[in-house]
J.: 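Take a look at the following structure, please.
In what follows, every chain begins at residue 1, and chains take the letters A, B, ... in the order their sequences are listed.
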Amino acid sequence: MTEVRNRKLLSGIALVAALAVPVSAVQAGDTIKIGGLAPLSSPGSYQQGPELVLGLEWAVADVNAAGGVLGKQVELIVEDTQGRPPTGATVVEKLITRDKVVAIAGEYHSSVCKAEIEVVHQHGIPFVIGSCWSDSLTSAGYDEVFRTSVYSSKLAENMVAVMAANGIKKAASLVEDTDYGIGIAKNIENAIKKLNADIDFQYEVVEKTSKDFVPILLKYKTKVKPEILIVAVTQPGGFLILKQAHEIRFAPTKETLYLDGTCTAQNDKVFWEAVKDAGNYVLMSCPYSPSVKLTDLGEKIKQRYIDKFDRQPNYLPLQGYDAMISLLTAIKNAGSTDSKAIIKALQALKIPGTRGDIEFSQEDGVWHHQWKAVPTFIFQYTKVGQSAGDAAVLFPKQFATAGIVRP
Amino acid sequence: MDYYLLSQLINGVIFGLIYALIALGLTIVFSIMRVVNFSHGEFYMLGGYTLYALTSGAVTFFSIPLSMPTIIGLPIAMVAVAIFAIAIERGMLRPIYTVRMDRPEEYAIILTFGLSLFLQYGALTVVGPYEMTPGAFWEGSKHILGDLYLAGDRLFATGVSVLLIGITIYFIYGTWTGRALMATAQNRVGSTVVGINTVRMNMIAMALAGLLAGAAGAAMAPIFLVYPDVGQIPVIKAFVIIVLGGMGSIPGAVVAAIILGIVESLGSVYISVAYRDVFAFLVLIGVLLFRPHGLFGQKERRA
């Protein structure tokens, strides 16, 4: 009796195994798996994460519609990194070891990226950073890490160039307590030295989750009296600082300009509803200005976004698309899903992205595997409720449409 | 005359009073029900969302866009959150008192913690990730002193806090129901013996907590915006406040909230703004070293 039962059990297991093995083999062979990373829940910036994912998804969809890569469809596995470095490291480990992804793209928070690059470096898996701006990520010099987004030192140099060109001698800054925020402040200090600008600069690190910034803003207003306040704090903290700087009549005013270094104006409706009058005369440092023409691919993506959401896109879907299209093109060029071959193909890559021709620098330091020519802009609102596309571009010079306007 | 220090003190007191409104409901629920309500921050969030839904015109009711004045939306938001709080008490927390269970306190902690996550992720899914801002209660900035200007909305929220703290103190200490609540807090069995319906007292405590958290969320929404995890940091501060003031003490919560507001305001400018959220815990540790039961707390007698 026992023997019969055992035999039945064994044949059952054999049947299940026989059914399961070919299915998993078919699944593994059918697609090329790519990991996608973004913060999709608290305490991460869950407002930005889905926008970045949109770009990743659209690039995968376009490539799949054109026949896929290496004769296979691409399967995107998106993981929520929650803005927490340990979560980022864990999900990257899971993507590599359990899902067997061949490469990874995305992520928004620099602190999380910092944890993730260690894991991809350990496994030798290529990772194209979607929107982490800290210089330390590329200057780590890892072969596996590439970046299509802007980086802090470039943004800082732009800000210092605008300040110097407008005769600003005293600047103060509030930056968030993250690798990104502190990196911006340090890079502004470095850029002032590098460009030999005569600017007295000081900064304070704030907790981005704080609600009340009035004490520090009042200190700046009464004791420091800067000509410009530079804020590098992601929303909602960035919104609150702008509202409260306006509330205590500190900035933007005739005496003190306000420069938002984080580009919180990602969604016109949300921005203006949140900050109201406070947003007028704000200078915004962004990786994208809707008033500047994109590449043909970029214009196509922009139109797709407008058709879907009935509003202008921000920089995140474009950065996400650029990261993913670089990666998928590199796999295609490599003719293989081998990590080393993909890395080599990424190093040799030159393709039109949404915002220009993407190619990765081979220099050391922050430019290691960085898209050096990635565009950035500084524009200024001059009317309440103005769309980012109608705002006056101040920088770079070739796109500038106006000079700084004071209230 | 240099008004700088005075301006910082005034801002600290104002922010302390705002903290007090959030902490009050938490301490009432703890003292009456012995439940640490981890979803209190989400009651605060619901207050803000309800005000937005009632006043922004973005939500329609039988095809009519709701765009009532914020001042009318505020009491409705309070009542809506109170009704929600009653539903949570009746549907989820009541078994702690009506059913024999081994670890009722742990049950309540796990339940309210789960509810907090459920409401946060629910808001993220249903309403979306973006910040929302209801219309103003009091437009513009008002000159206070020296270089200090504050938003009319911030002053309005402070006024609402003072008014509701006053009403709550009167209700607790000046009415029969309030005294019955205090009796329940002191001795649940004894209260039952003298004819107090303690199960009903639980419901009143939760309703009160909902009203206060809903008021805080709605009154502060125009200043601090509304988003799914908007209640996370305020509720952490509220926990610090109720421990600092003495678990279950209403005057303790108010005093502790004002102390915290001042310490955060002065610490931000005289020590470092980077540690603003750490000051709360430093004060807490300092006070608990010398008064383990908090500023106004009393040593509990256990049978």
Side-chain angles (χ1 to χ4, degrees), chain A residues 39-51 83 174-177 181-182 203-225 235-240 243-250 264 266-267 269-278, chain B residues 2-4 7-8 11-12 14-15 18-19 56 117 120-121 124 128-136 139-144 146-154 220 222-230 232-234 236-237 261 264-270 272-278:
Chain A
L40 300 174
S41 60
S42 175
S45 289
Y46 49 74
Q47 295 94 345
Q48 285 81 12
E51 297 274 331
L174 292 178
V175 298
E176 66 178 42
D177 53 345
I182 296 167
Y203 70 92
E204 296 258 10
V205 179
V206 296
E207 288 175 88
K208 65 173 185 171
T209 50
S210 283
K211 300 254 183 235
D212 185 29
F213 297 95
V214 167
I216 185 63
L217 290 168
L218 193 59
K219 180 182 166 184
Y220 274 180
K221 181 186 178 187
T222 310
K223 305 279 182 195
V224 181
K225 300 183 194 300
Q235 64 199 73
F239 283 167
L240 295 182
K243 275 171 80 83
Q244 291 170 20
H246 179 71
E247 177 183 342
I248 66 162
R249 300 192 181 177
F250 167 42
T264 56
Q266 293 162 15
N267 179 324
K269 186 177 174 291
V270 173
F271 176 76
W272 286 109
E273 191 181 279
V275 304
K276 300 191 172 73
D277 296 357
Chain B
D2 184 12
Y3 291 121
Y4 177 67
S7 301
Q8 294 288 8
N11 183 59
I14 285 177
F15 212 71
I18 292 174
Y19 276 152
S56 66
L117 291 176
Q120 265 188 48
Y121 284 87
L124 192 57
Y130 291 109
E131 294 85 357
M132 292 177 172
T133 320
E139 293 274 2
S141 279
K142 316 293 166 196
H143 185 227
I144 308 294
D147 277 343
L148 182 65
Y149 288 78
L150 288 175
D153 278 328
R154 192 184 288 250
M220 290 164 213
I223 325 166
F224 301 128
L225 320 177
V226 195
Y227 43 95
D229 58 345
V230 68
Q232 246 179 19
I233 297 295
I236 291 172
K237 297 285 170 69
E264 282 191 352
S265 189
L266 297 185
S268 294
V269 291
Y270 289 109
S272 168
V273 67
Y275 302 110
R276 185 190 160 90
D277 287 342
V278 177

J.: Any donor-acceptor pair under 3.5 Å linking the side chain of A:E204 with the backbone of B:S272?
T.: no

J.: Is A:D277 in contact with chain B via its backbone, its side chain, both, or neither, using a 4.5 Å heavy-atom distance?
T.: neither

J.: Can you tell me how far CD of A:Q235 sits from OH of B:Y227, rounded to the nearest 0.5 angstrom?
T.: 10.5 Å

J.: Measuring heavy-atom distances to chain A, does B:I233 have an atom under 4.5 Å in its side chain, in its backbone, in both, or in neither?
T.: side chain

J.: Only pairs of heavy atoms separated by less than 4.5 Å count here; which of A:Q48, A:K219, A:E207 has the most with chain B?
T.: A:E207

J.: Can you tell which part of A:Q266 gets under 4.5 Å to a heavy atom of chain B, answering side chain, backbone, both or neither?
T.: neither

J.: Shortest non-hydrogen contact from A:K211 to B:V230?
T.: NZ-O, 3.3 Å

J.: Under 4.5 Å from any heavy atom of chain B, what part of A:L40 do you find: side chain, backbone, both or neither?
T.: backbone

J.: Considering non-hydrogen atoms only, spot the tightest contact between B:R154 and A:D212 and give its length.
T.: NH1-OD1, 3.0 Å

J.: Measuring from A:K223:NZ to B:D147:CG, what's the distance to the nearest 0.5 Å?
T.: 9.5 Å

J.: Of the backbone (N, CA, C, O) and the side chain (C-beta and beyond), which part of B:M132 lies under 4.5 Å from a heavy atom of chain A, both, or neither?
T.: both

J.: What part of A:K243 gets within 4.5 angstrom of chain B, counting heavy atoms only: side chain, backbone, both, or neither?
T.: side chain

J.: Under the side-chain contact (heavy atoms from CB on, under 4.5 Å) rule, collect the residues that match up with B:Q232, sequence neighbours excluded.
T.: A:S42, B:Q120, B:D229

J.: Below 4.5 Å from any heavy atom of chain B, which atoms of A:E176 appear? Answer side chain, backbone, both or neither.
T.: neither

J.: Within a 6.0 Å radius of atom NZ on A:K269, are there more than 12 heavy atoms belonging to other residues, nucleotides or ligands?
T.: no

J.: Heavy-atom distance under 4.5 Å to chain A: side chain of B:L124, backbone, both or neither?
T.: side chain

J.: Nearest 0.5 angstrom please: B:S141 OG to A:Q244 CD, how far?
T.: 10.5 Å

J.: Can you measure from CD1 (B:I144) to CG (A:L218) and round to the nearest 0.5 angstrom?
T.: 11.0 Å

J.: Taking ring pair (Phe, Tyr, Trp, His ring centres under 6.0 Å) as the test, write out the residues that go with B:F224, two or more places apart.
T.: B:F15

J.: Check whether any side-chain heavy atom of B:E131 sits under 4.5 Å from a side-chain heavy atom of A:N267, and report yes or no.
T.: no

J.: Just give me the residue among B:T133, B:L150, B:V278, B:I223 that pairs up with chain A most often, heavy atom to heavy atom, under 4.5 Å.
T.: B:T133

J.: Under 4.5 Å heavy-atom distance to chain A, tell me which part of B:Y275 shows up: side chain, backbone, both or neither.
T.: backbone

J.: Rounded to the nearest 0.5 Å, what separates atom CZ in A:R249 from atom CG in B:L148?
T.: 11.5 Å

J.: Under a 4.5 Å cutoff for heavy-atom pairs, which residue among B:S56, B:A136, B:P129 has the most contacts with chain A?
T.: B:P129

J.: Taking C-beta and beyond as the side chain, do A:P215 and B:V273 meet within less than 4.5 Å on heavy atoms?
T.: no

J.: Would you mind checking which part of B:P222 comes under 4.5 Å of any heavy atom in chain A, side chain (CB onward), backbone (N, CA, C, O), both or neither?
T.: backbone

J.: Please state whether the side chain, the backbone, both or neither of A:F239 comes within less than 4.5 Å of a heavy atom of chain B.
T.: side chain

J.: Let me know if A:I216 has heavy atoms under 4.5 Å from chain B in its side chain, its backbone, both or neither.
T.: both

J.: Between A:D177 and B:R276, does at least one N-O distance fall below 4.0 Å, as a salt bridge requires?
T.: no

J.: First locate atom NZ of A:K276, then atom CD of B:E139, and finally report the distance between them rounded to the nearest 0.5 Å.
T.: 7.5 Å

J.: Looking at A:V206, A:V214, A:L240, which one has more heavy-atom pairs under 4.5 Å with chain B than the rest?
T.: A:V214

